[in-house]
Undergrad: 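Submitted below is the structure of interest, expressed as structure tokens.
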Amino acid sequence: MGRKKGLPEFEETAPDGFDPENPYKDPVAMMEMREHIVREKWIQIEKAKILREKVKWCYRVEGVNHYQKCRHLVQQYLDSTRGVGWGKDHRPISLHGPKPEAVEAE
């Protein structure tokens with residue numbers, strides 16, 4: 001069995017019409033941006049999982065010398081896990097924070 005032909009192709013760039021200052025102006029662009037962010041997060045998470053498997057394999061193969069031999073893999077893994085995951089994307093507070101209260105004129 002080979003690969004299925006006609007698989008959907010995804011754009012790897014952010015949508016063009018999305019305005020971060022006013023995200024609700026274009027709901028279609030907002031949904032495309034949300035899908036883009038989710039897709040990029042899953043890619044980062046899967047890369048970290050692959051590096052974790054490589055570190056496990058290196059630890060098993062190298063035995064007592066794993067401190068010296070696997071150091072570069074461990075550093076790559078730690079770098080790949082920093083800031084990865086849900087809720088750690090450091091979005092600006094204007095996109096997900098409480099709405100500012102209107103100031104009454106006196």
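Not measured: the values here are computed from a predicted model. Throughout, numbering of the chain's residues begins at 1 and tracks the sequence.
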Undergrad: What closest approach, in Å, do Thr81 and Leu78 show between heavy atoms, and which atom pair accounts for it?
TA: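 Reported closest heavy-atom pair: OG1-O, 3.0 Å.
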Undergrad: Working to the nearest 0.5 angstrom, can you tell me the gap between Lys49 NZ and Trp42 CH2?
TA: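 Taking NZ in Lys49 and CH2 in Trp42, the distance rounds to 6.0 Å.
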Undergrad: Could you state whether Phe18 and Tyr24 fall into the same hydrophobic cluster, counting links through intermediate Ile, Leu, Val, Met, Phe, Trp or Tyr residues with side-chain heavy atoms under 4.5 angstrom apart?
TA: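 Per the 4.5 Å side-chain linkage, Phe18 and Tyr24 are co-clustered.
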Undergrad: Rounded to the nearest 0.5 Å, what separation is found between the CG atom of Leu51 and the CG atom of Asp79?
TA: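 That separation rounds to 9.5 Å.
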Undergrad: Which pairs count as ring-ring contact (aromatic ring centres under 6.0 Å, His included) when at least one residue sits in residues 62-82, sequence neighbours excluded?
TA: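 Pairs touching residues 62-82 that pass the test: Tyr59-His66.
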Undergrad: Does Glu62 reach the side chain of Cys70, with side-chain heavy atoms less than 4.5 Å apart?
TA: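 With C-beta onward as the side chain, the pair touches.
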Undergrad: Could you give the distance from CD (Glu53) to SG (Cys58), rounded to the nearest 0.5 Å?
TA: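 Answer rounded to 0.5 Å: 13.0 Å.
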Undergrad: Is the shortest side-chain heavy-atom distance between Lys56 and Arg60 below 4.5 Å?
TA: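 Touching, per the 4.5 Å side-chain cut-off.
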Undergrad: Nearest 0.5 Å, what's the CZ-CD distance between Arg52 and Gln76?
TA: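 One finds 15.0 Å between CZ of Arg52 and CD of Gln76.
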Undergrad: If you link ILVMFWY side chains whenever their heavy atoms are less than 4.5 Å apart, which other residues fall into the same cluster as Val61? By chain and number, please.
TA: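 Traced through the cluster, Val61 reaches Trp57.
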Undergrad: Can you find a pair of side-chain heavy atoms, one from Ile43 and one from Glu40, that are under 4.5 Å apart?
TA: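 Ile43 vs Glu40: side chains touch.
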Undergrad: Which distance, rounded to the nearest 0.5 Å, do you find between the CE of Met30 and the CG of Asp19?
TA: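 Output value for this atom pair is 12.5 Å.
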Undergrad: Rounded to the nearest 0.5 Å, what's the gap from CE on Met33 to CG on Asp26? Could you check?
TA: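 CG of Asp26 is found 12.5 Å from CE of Met33.
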